[in-house]
Amino acid sequence: MSDEQIPVIRDVDQGIAKLMPDVDRERAWLLTVDGAPQSYVDLDDPEHLEFEYVRRLAHVLDCAAEPGVALDLLHLGGGALTLPRYAAATRPGSRQTVVEFDAGLVELVAEQLPLPAGSGVTVHAADARVWLEGAASGSADVVVADVFGGSRVPAQLTSVEYAREVARVLRPGGLYAANLADGAPFDFLRAQLANFGAVFGELALIAEPGVLRGRRFGNAVLVGSDVGIPVGALSRVCAADAFPARVEAGVALARFMRGALPVGDAEAVASPEPPAGAFSLG
């Protein structure tokens, strides 16, 4: 990687990728694809998480086991590998598999933002659903999904059949965490909760209060497990964040998703198109 810190622009499989240096942090980079922010990475400080939703996914990882305990992690969607870098730093010795559909993006990130030696992270250029279906049962402590084609979650990752595959791959007591995006009246988000409610005994939803109240379109992190989502611990760390989020679970979440039904592969659709400017760089 060049020390000149100049932007890198390259055609990748899913569009035009740009790596732009952060003028305020010496070795930090913002990745966009077709103008949509995808990842922010600080090579000198992998525990620095710029995006709010990434911090919420990291909170789930932090609460998945005692601090520092190594885990087996499966990441569906890779981008610039922000969360795998974070997990390698905070849970050394973890075995991490990353599945990123865009082979050109995988090559760009490996070239420009290489992982440190001994990171324990293996990256595969593959389709997330296909990879998941081929993964061994009970092979992951945590599955993280952050898959967007442009600004939308692909339809093959929005069905109850997909949810069943996630549950199969997780070990007993394992956690699933997915970055989703929606706005009022939350038809997509409620259907996703119904999908995972059909296969998991416990669900939680993490989002900024204004999003949950339907005031704006935004990200929400869905969390699922067969048992034991650490709702109390998650609520505390999310409330203490620089951009506080609320954790909905139990009765409140059941009220939010009331009437929603699981969606099968035949009826599944991609997540809604964000309104103009929802995730732009301004």
Side-chain angles (χ1 to χ4, degrees), residues 1-55 57-58 61 73-89 94-132 143-154 156-157 178-179 181 219 270-271 274 278-282:
M1 186 179 62
S2 170
D3 292 330
E4 295 179 3
Q5 303 294 71
I6 59 174
V8 177
I9 302 173
R10 185 175 300 177
D11 288 331
V12 294
D13 298 357
Q14 299 296 298
I16 299 175
K18 295 183 181 180
L19 281 172
M20 296 179 287
D22 185 339
V23 297
D24 296 321
R25 301 178 72 93
E26 187 175 346
R27 295 212 308 150
W29 298 82
L30 174 68
L31 168 68
T32 67
V33 177
D34 285 346
Q38 299 290 320
S39 302
Y40 179 100
V41 170
D42 188 330
L43 297 177
D44 291 330
D45 184 7
E47 295 184 47
H48 175 78
L49 305 176
E50 190 78 8
F51 294 170
E52 297 170 33
Y53 81 85
V54 177
R55 289 201 296 274
L57 291 170
L61 289 185
L73 307 176
L74 172 60
H75 303 264
L76 304 178
L81 310 176
T82 305
L83 203 61
R85 296 173 201 267
Y86 175 86
S94 292
R95 294 181 296 185
Q96 302 191 71
T97 299
V98 179
V99 183
E100 167 58 54
F101 181 74
D102 193 320
L105 184 59
V106 169
E107 181 180 350
L108 173 65
V109 170
E111 174 190 306
Q112 298 291 324
L113 308 174
L115 290 162
S119 67
V121 179
T122 305
V123 183
H124 302 271
D127 178 88
R129 176 74 180 265
V130 173
W131 183 276
L132 186 70
V143 175
V144 177
D146 186 11
V147 182
F148 281 77
S151 298
R152 306 178 71 184
V153 180
Q156 66 265 31
L157 303 184
N179 175 38
N219 294 94
S271 64
F279 298 129
S280 73
L281 295 172

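As the structure is a prediction and not an experimental result, all values here were calculated from the model. Quick note: numbers below take in every heavy atom, side chains included, and nothing from hydrogens, waters or symmetry partners.
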key: Least distance between heavy atoms, Leu108 atom then Ala17 atom   = CD2-CB, 3.8 Å
key: Worked check of side-chain contact (heavy atoms from CB on, under 4.5 Å) between Asn179 and Phe148   = CA-CA 9 Å; Asn179 175 38; Phe148 281 77; 3.3 Å; yes
Please output the side-chain donor-acceptor pairs of residues 98-105 that fall under 3.5 Å, not counting sequence neighbours, one pair per line with the distance.
{"residue": "Glu100", "atom": "OE1", "partner": "Gly78", "partner atom": "N", "Å": "2.9"}
{"residue": "Glu100", "atom": "OE1", "partner": "Gly79", "partner atom": "N", "Å": "3.1"}
{"residue": "Glu100", "atom": "OE2", "partner": "Asp102", "partner atom": "N", "Å": "3.0"}
{"residue": "Asp102", "atom": "OD1", "partner": "Asp13", "partner atom": "N", "Å": "3.0"}
{"residue": "Asp102", "atom": "OD1", "partner": "Gly104", "partner atom": "N", "Å": "3.0"}
{"residue": "Asp102", "atom": "OD1", "partner": "Leu105", "partner atom": "N", "Å": "2.9"}
{"residue": "Asp102", "atom": "OD2", "partner": "Asp13", "partner atom": "N", "Å": "3.3"}
{"residue": "Asp102", "atom": "OD2", "partner": "Gln14", "partner atom": "N", "Å": "2.8"}

task = Using the test side-chain hydrogen bond (donor to acceptor under 3.5 Å, both in side chains), find all partners of Asp11 that sit at least two apart in sequence or belong to another chain.
result = none
key: Where Leu49 and Ala58 come nearest, the two heavy atoms and their spacing   = CD1-CB, 3.4 Å
query = Are any non-hydrogen side-chain atoms of Val41 and Leu81 less than 4.5 angstrom apart?
reply = no
request  = Not counting sequence neighbours, which residues clear side-chain hydrogen bond (donor to acceptor under 3.5 Å, both in side chains) with Gln38? List them please.
outcome  = none
key: side-chain contact (heavy atoms from CB on, under 4.5 Å) between Arg85 and Leu43, worked out   = CA-CA 9 Å; Arg85 296 173 201 267; Leu43 297 177; 3.7 Å; yes
ask   = Got Asp22 and Tyr40 here, is their nearest side-chain heavy-atom distance under 4.5 Å?
value = yes
ask   = Can you name the residues that form a side-chain hydrogen bond (donor to acceptor under 3.5 Å, both in side chains) with His124, not counting sequence neighbours?
value = none
Set of residues satisfying side-chain hydrogen bond (donor to acceptor under 3.5 Å, both in side chains) with respect to Glu50, sequence neighbours excluded = His48
ask   = For Ser271 and Ser151, which heavy atoms make the closest approach, and how far apart are they?
value = OG-O, 4.3 Å
ask   = Within the distance-only criterion (no hydrogens, no angle test), does the side chain of Asp34 pair as donor or acceptor with the backbone N or O of Ile16 below 3.5 angstrom?
value = yes
task = Could you please spell out the steps behind the side-chain contact (heavy atoms from CB on, under 4.5 Å) verdict for Leu57 and Tyr86?
result = CA-CA 11 Å; Leu57 291 170; Tyr86 175 86; over 6 Å; no
Approximate separation, where rounding is to 0.5 Å, of Lys18 NZ and Thr32 OG1 = 6.0 Å
request  = With side-chain contact (heavy atoms from CB on, under 4.5 Å) as the test, would you mind laying out the steps for Phe51 and Asn219 before giving the verdict?
outcome  = CA-CA 11 Å; Phe51 294 170; Asn219 294 94; over 6 Å; no
request  = Specify the closest pair of heavy atoms between Ala88 and Gln96, including all atoms of both residues, with the distance to one decimal.
outcome  = N-NE2, 3.4 Å
request  = To the nearest 0.5 angstrom, please state how far the CG atom of Leu73 sits from the CG atom of Leu83.
outcome  = 8.0 Å
message = Minimum heavy-atom separation for Pro154 and Val147, please, with both atom names.
response = CD-O, 3.6 Å
inquiry  = Can you confirm whether Leu31 sits close enough to Leu113 that some side-chain heavy atom of one is under 4.5 Å from a side-chain heavy atom of the other?
reply    = no
remark   = Rounded to the nearest 0.5 angstrom, the OG1-NE2 distance for Thr82 and His75 is 10.5 Å
ask   = Going by the salt bridge (Lys or Arg N to Asp or Glu O under 4.0 Å) test, which pairs reach into residues 112-130, not counting sequence neighbours?
value = Arg129-Glu133, Arg129-Asp265
inquiry  = A side-chain contact here means heavy atoms from C-beta on lying under 4.5 Å apart; do Thr97 and Trp131 qualify?
reply    = yes
message = Looking at Arg25, I'd like to know if its CZ atom is crowded, meaning that more than 12 non-hydrogen atoms belonging to other residues, nucleotides or ligands lie closer than 6.0 Å.
response = yes
